[in-house]
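Count residues from 1 along the sequence. This structure is a prediction, so every number in the text was calculated from the model and none was measured.
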Amino acid sequence: MCERRHDTIDNLAFQFGVDRRTIERDIELLSLSRPIYTTKGTGGGVHIVDGYRYGNKYLTEEETEFLEGVATRLTGSEFVQMQKIINRFRTPKRGGR
């Protein structure tokens, strides 16, 4: 999925040799910890958020909030450097939602 970025539930079910409901349950579970979501209609299916790559290290929401709080106490180039770090490791936001 990380390479394709988008697929249909039926294609995934066929690829893994399971029924459609198994894929739906798996997507539901994965969406709790990964930036993955589904859409309906033409062009619908299972999507991975743009910019997300499996195996990359990302900050949790709590870590991001903590570092942003620390950044408010920094000035000048230190503040800029902290923002670069936060942006590099921030979990990509879901697009199209």
Side-chain angles (χ1 to χ4, degrees):
M1 281 297 305
C2 282
E3 290 177 17
R4 290 183 283 216
R5 314 306 296 168
H6 170 259
D7 209 336
T8 66
I9 290 175
D10 289 333
N11 283 347
L12 293 168
F14 177 78
Q15 178 183 349
F16 293 105
V18 297
D19 68 28
R20 181 181 171 83
R21 184 66 192 129
T22 299
I23 295 297
E24 290 170 347
R25 281 192 303 268
D26 289 348
I27 296 304
E28 211 173 304
L29 287 171
L30 283 169
S31 70
L32 297 174
S33 62
R34 302 282 188 247
I36 186 171
Y37 63 97
T38 60
T39 58
K40 295 183 181 198
T42 304
V46 182
H47 305 267
I48 301 287
V49 172
D50 287 342
Y52 177 79
R53 296 285 180 252
Y54 180 75
N56 286 3
K57 301 290 184 200
Y58 295 102
L59 295 170
T60 65
E61 190 172 318
E62 294 80 18
E63 291 168 333
T64 300
E65 289 174 9
F66 172 78
L67 290 175
E68 286 173 339
V70 169
T72 63
R73 293 179 285 227
L74 302 174
T75 59
S77 64
E78 291 174 336
F79 177 80
V80 171
Q81 187 62 32
M82 179 66 84
Q83 289 302 314
K84 287 179 182 179
I85 292 167
I86 292 169
N87 290 335
R88 182 180 314 142
F89 294 101
R90 180 186 307 257
T91 302
K93 299 290 182 198
R94 293 175 187 212
R97 288 187 111 188

Could you check whether any side-chain N or O of Asn11 sits under 3.5 Å from a backbone N or O of Asp7, counting only pairs where one atom can act as donor and the other as acceptor? no
Measure the spacing between CD1 of Ile27 and CD1 of Ile36 and express it to the nearest 0.5 Å. 3.5 Å
Roughly how far, to the nearest 0.5 Å, is CG of Leu30 from CZ of Arg25? 13.0 Å
Determine, using the 4.5 Å side-chain heavy-atom cutoff (strictly less than), whether Ile86 and Val80 are members of one ILVMFWY cluster. no
Can you tell me how far apart CD (Gln15) and CG (Asp10) are? Round to the nearest 0.5 Å. 13.0 Å
Decide whether Thr39 and His47 meet the rule of one side-chain donor and one side-chain acceptor closer than 3.5 Å. yes
Please determine whether a side-chain nitrogen of the Lys or Arg among Glu24 and Arg21 lies less than 4.0 Å from a carboxylate oxygen of the Asp or Glu. yes
Side chains of His6 and Ile48: closer than 4.5 Å at any heavy-atom pair? no
Summary of salt bridge (Lys or Arg N to Asp or Glu O under 4.0 Å) pairs that have at least one residue in residues 64-74, sequence neighbours excluded: Glu68-Arg90
Audit row: Phe66, Val70, side chain to side chain contact (heavy atoms under 4.5 Å, CB included) steps and yes/no: CA-CA 6 Å; Phe66 172 78; Val70 169; 3.7 Å; yes
Could you give the distance from OG1 (Thr22) to CD1 (Ile9), rounded to the nearest 0.5 Å? 11.5 Å
Contacts of Phe16 meeting side-chain contact (heavy atoms from CB on, under 4.5 Å) (sequence neighbours excluded), chain-then-number -> Leu12, Val18, Ile23
So does Thr60 get a backbone contact from the side chain of Glu63, meaning a donor-acceptor N/O pair under 3.5 Å? yes
